[in-house]
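Bear in mind that the values here come from a model prediction, so they are computed numbers and not experimental data. In the text below, chain A, chain B and the rest are named by the order of the sequence lines, each starting its count at 1. Just so it is clear, the values below take in all heavy atoms, side chains as well, and ignore hydrogens, waters and symmetry mates.
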Amino acid sequence: MPALEAAAAPAVEVERPANPAFGDLATNLAMKLARPLRRPPLEIAEALAASLRDGPASAPDLVAAAEVARPGFLNLRVADAAYEAVVARILADPAGWGRIPAVNPRRVNVEFVSANPTGPLTVGNARGAFVGDLLCRVLEAGGQAVTREYYFNDSGTQIDHLGASVAAVRRREPVPDDGYKGAYVEQLAREVPDDVWAAAFEPGAGTSAVLGAWASRRVRGMIEASLARLGVHFDVWKSEASLHEEGWVDRAVERLRATGTVYEQDGATWFRSTAYGDDKDRVIYRSDGRPTYFAADIGYVTEKFSRGFDHLIYVWGVDHHGTVARNRNAAQAMGYDPDHYQVILIGWVRFVVDGVEVSMSKRAGTFVTLDDLLDAVGADAARWFFASRATHVEIDFDIELARKQSSENPVYYVQYAHARIASILRKAAEAGLAPAPDVAGLLAGEPEAALVRVVARLPEVVEDAVLAEETQGVTAYATELATQFHAFYRDARVIDAATPERSAQRLALALATKVTLAKALALLGISAPESM
RNA sequence: GCCCCCGUAGCUCAGCGGAUAGAGCAGCCGCCUUCUAAGCGGUAGGCCGCAGGUUCGAUUCCUGCCGGGGGCGCCA
């Protein structure tokens, strides 16, 4: 084997062949080396295989076979002992199984949902809530310290409109055109305490503002309760008004001004976003002096970084795509690394019933609430639905279908496998059988060998999810593992007093599978029931 | 006009440089005297939008086109 120039050495890529006949692992290294070495790929692969078999690279405890295949693949078969060691390790330390070395140990702030408290969360907010929380779980799995943050506007015209709507409904007057309608407004109107109602009509009190402030606090409580049903909990609830009151906005604008990227024109104050590649410059203070939403965003960035975060993530709907550049540009202008201002855009969700899109509008009151969705399909099923699809793609959510299929939903299939194992373990305990700590020889059985190979993949599935900041791989893996277990259940009798040693080993494998399923589900925030 | 995303099985979606393209649901045919049938087996179903290009190799990367969605406010 000729020595390789370091620069010419390609990265070693190892993958899992789709076809089990090709072994457990395969590498295209020989094909990558063909050009720099100017040798046929098959010849190189053969040399590598020889080295692994009984040469300097041989490791009989890990690699049981090394074979060369057609274009130049090097296919490896992992030793049974290596898989058996995995099972033993899972049983010895279940909590540690699936934990991976920290990928990026940093303090990260993840802001998501952030719907204004002018009405209950709708199904439109559901994806943001699930995806945001899923992202946080994945980041945590990668060793990051995550703060879940909810940003909301608790003052201003929208809140005034809410207050005016509540007042109108309470007085049985028509709701203003720009007001809010819907059952929740009627509920709010009924619940206004007498002292609040009286205060709202004090001379000079500002009826809409007073009622709006009260109503938005009530709505925020409703939102928090809905999120709790999803299993989503925020660490920080940040009000936009507080950013202004505490001076974050003005200070940030002055900081920008000092860099020369702020100018006055037409009576307004602008940020020179085009200096960083944006289409146009952006207004910070309107000509009447009122700050734009962008102004608050600028102040918020400085406020977040002042709390010591290394990295900020914003989970937004695609409709906010146009605001990404200005915000990142402003962060950069203020001296922050733009790579630490990350925006994740969530694809649109079309909620359809019988193939027809359901339009949603808080103002028109024609929306399906998040609670309606949960009543229909359940938190685990809804969470699974979003976890199994890429964040950025647009998706259809057929509510009727989800409701109808709920018992056929893949999430129940996976949970069922977990519950089934739990049942077996209970039965085994009654029969006086316990999982064997030592499973040497376990792989002799075909059903066992097939199952272990899937169980053993958990760490890399977790790592892939962390690197991609996506969870579809986890749902796919959980489904595959459940399928493999069901096959094992069919082919291998676990509880069998006639062969106690084999039974104990199979119990160990079943338990390892249960732990693995639970880990995958936990990463997704989905429950792993002991019985169904 | 400019920018972003998508186009894979009847439907909803994975796969995103490798060796026969996958899952769930829907369809059809079977399987409960045995550890949970929310299960299992079998079967059927695809010019991976179209056309070029890069590569030993493209559903995967690049370009163009066609089709769908979204964004381009001193709104949020």
Side-chain angles (χ1 to χ4, degrees), chain A residues 13 15 17-19 21-22 26-28 31-32 34-35 40-41 69-73 75 114-116 118 153 156-158 240 265-270 278-280 282-297 317-325 345-348 350 352 355 384-385 388-390 392-398 401-402 404-417 419-428 430-431 433 470 472-473 475-476 479-480 482-483 485-487 489-496 503 506-507 510 529 531-532:
Chain A
E13 293 171 24
E15 60 172 15
N19 186 339
F22 296 133
T27 178
N28 59 2
M31 287 178 282
K32 293 284 184 193
R35 185 184 290 263
R70 244 194 312 149
F73 286 105
N75 296 329
S114 295
N116 280 337
T118 53
N153 184 353
T157 49
Q158 307 225 24
E240 181 187 344
Q265 186 178 304
D266 303 329
T269 301
W270 300 71
D278 201 355
D279 297 24
K280 51 193 76 169
R282 308 293 176 173
V283 172
I284 299 171
Y285 291 114
R286 289 173 265 232
S287 47
D288 63 6
R290 288 157 52 229
T292 60
Y293 204 82
F294 174 47
D297 286 341
V318 268
D319 51 324
H320 283 64
H321 163 252
T323 66
V324 175
L345 296 177
I346 303 180
W348 201 250
R350 290 175 71 239
V352 296
W384 180 279
F385 179 87
S388 60
R389 283 141 176 89
H392 69 279
V393 301
E394 175 185 337
I395 54 180
D396 279 10
F397 192 116
D398 189 318
L401 204 61
K404 200 167 15 179
Q405 292 175 179
S406 63
S407 67
E408 298 299 321
N409 192 301
V411 71
Y412 297 115
Y413 177 82
V414 174
Q415 290 180 320
Y416 181 71
R420 206 177 210 186
I421 298 171
S423 172
I424 291 171
L425 291 169
R426 283 193 297 269
K427 277 255 165 54
E430 289 169 15
L433 289 164
E470 290 276 3
Q472 319 89 276
T475 55
T479 304
E480 187 184 343
T483 298
F485 178 77
H486 288 311
Y489 177 87
R490 180 196 65 223
D491 297 332
R493 174 92 198 168
V494 178
I495 300 173
D496 186 359
S503 195
R506 285 180 173 172
L507 274 172
S531 67
M532 285 176 77

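The side chain of A:Thr292 has B:A76 as its nearest neighbour among B:G41, B:A38, B:A76. When each of B:G73, B:C35, B:C5 is scored by its nearest atom to the side-chain atoms of A:Lys280, the top-ranked nucleotide is B:G73. When each of B:A37, B:A14, B:G73 is scored by its nearest atom to the side-chain atoms of A:Arg420, the top-ranked nucleotide is B:A37.
At a threshold of 4.0 angstrom between heavy atoms, the contacts of A:Ala21 with the nucleic acid are absent. A:Thr475 comes within 4.0 angstrom of no nucleic acid atom, judged by non-hydrogen atoms across all strands. At a threshold of 4.0 angstrom between heavy atoms, the contacts of A:Ala26 include nucleobase atoms, whether or not backbone atoms are also involved. A:Ile395 comes within 4.0 angstrom of sugar-phosphate atoms only, judged by non-hydrogen atoms across all strands, and of no base. Residue contacts shown for A:Pro71 are absent, as no nucleic acid heavy atom lies under 4.0 Å away. Counting any heavy atom pair closer than 4.0 Å across all strands shown, A:Ala476 reaches no nucleic acid atom.
Phosphate contact (OP1/OP2 of B:G15, side-chain N/O of A:Gln472, threshold under 4.0 Å): present. Distances shown here put every side-chain N or O of A:Lys32 at or beyond 4.0 Å from the OP1 or OP2 atom of B:G18. When the side-chain nitrogen and oxygen atoms of A:Tyr413 are compared with OP1 and OP2 of B:C40, one or more of them lie within a distance under 4.0 Å.
Pairing each heavy atom of A:Ile424 with each of A:Leu507, the nearest pair is CG2-CD2, 4.2 Å. The minimum heavy-atom distance linking A:Met532 with A:Tyr412 is given by the pair CE-O, 3.9 Å. Listed here is the closest heavy atom pair of A:Asp496 and A:Arg493: CB-CG, 4.2 Å. Of all heavy-atom pairs between A:Asn153 and A:Asn116, the closest is N-OD1, 3.0 Å.
A:Ile424 has its CD1 atom 15 Å from the P atom of B:U34, to the nearest Å. Between the CZ atom of A:Arg282 and the C1' atom of B:G73 there is a distance of 9 Å, rounded to whole Å. Rounded to whole Å, the distance from CG on A:Asn409 to P on B:G39 is 11 Å. Computed from coordinates, the A:Tyr412 OH to B:G24 P distance equals 17 Å when rounded to whole Å. Between A:Asn75 atom CG and B:G18 atom C1' there is a gap of 11 Å when expressed in whole angstrom units. Atom CG of A:Asp266 and atom C1' of B:G73 are 14 Å apart (whole Å). In this structure, A:Ile421 atom CD1 and B:G39 atom P are separated by 14 Å, rounded to whole Å. Whole-Å rounding puts the A:Arg389 CZ to B:G22 P distance at 20 Å.
Stem regions for RNA chain B, each three or more consecutive Watson-Crick or G-U pairs with both distances under 3.5 Å and listed by first number, read B:1-7 with B:66-72, B:10-13 with B:22-25, B:27-31 with B:39-43, B:49-53 with B:61-65.
Evaluation of atom-type donor-acceptor distances gives a pair under 3.5 Å for the side chain of A:Ser287 against the base of B:C74.
Partners of A:Thr483 by side chain to side chain donor-acceptor pair (under 3.5 Å), not counting sequence neighbours, listed by chain and number: A:Tyr413.
Taking atom C1' in both B:G71 and B:G15, one finds a spacing of 29 Å when rounded to whole Å. Remark: the separation of the P atoms in B:G73 and B:C66 is 25 Å, to the nearest Å.
Against the 90° criterion about 0, the sugar-base torsion of B:C32 places it in the syn range.
Looking only at distances, no side-chain donor or acceptor of A:Ser388 sits under 3.5 Å from a matching main-chain atom of A:Gln472.
In this structure, the side chains of A:Trp348 and A:Asp319 come closer than 4.5 Å at one or more pairs of heavy atoms. A:Leu345 is not listed as a side-chain neighbour of A:His392, based on a closest heavy-atom distance of 4.5 Å or more. A heavy-atom distance below 4.5 Å is not found between the side chains of A:Phe294 and A:Thr323.
Toward the 5' end of RNA chain B, the nearer of the two residues A:Arg493 and A:Ala69, judged by each one's closest nucleotide, is A:Ala69.
In this structure, A:Tyr489 does not count as stacked on the base of B:G39 under the 5.5 Å centre distance and 30° plane angle limits.
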Letter per nucleotide, 5' to 3', of nucleotides 66-71 of chain B [B base touched, S only sugar-phosphate touched, - untouched; heavy atoms, 4.0 Å]: ---SBS

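The ring of A:Phe397 has its center closer than 6.0 angstrom to the ring center of A:Phe385.
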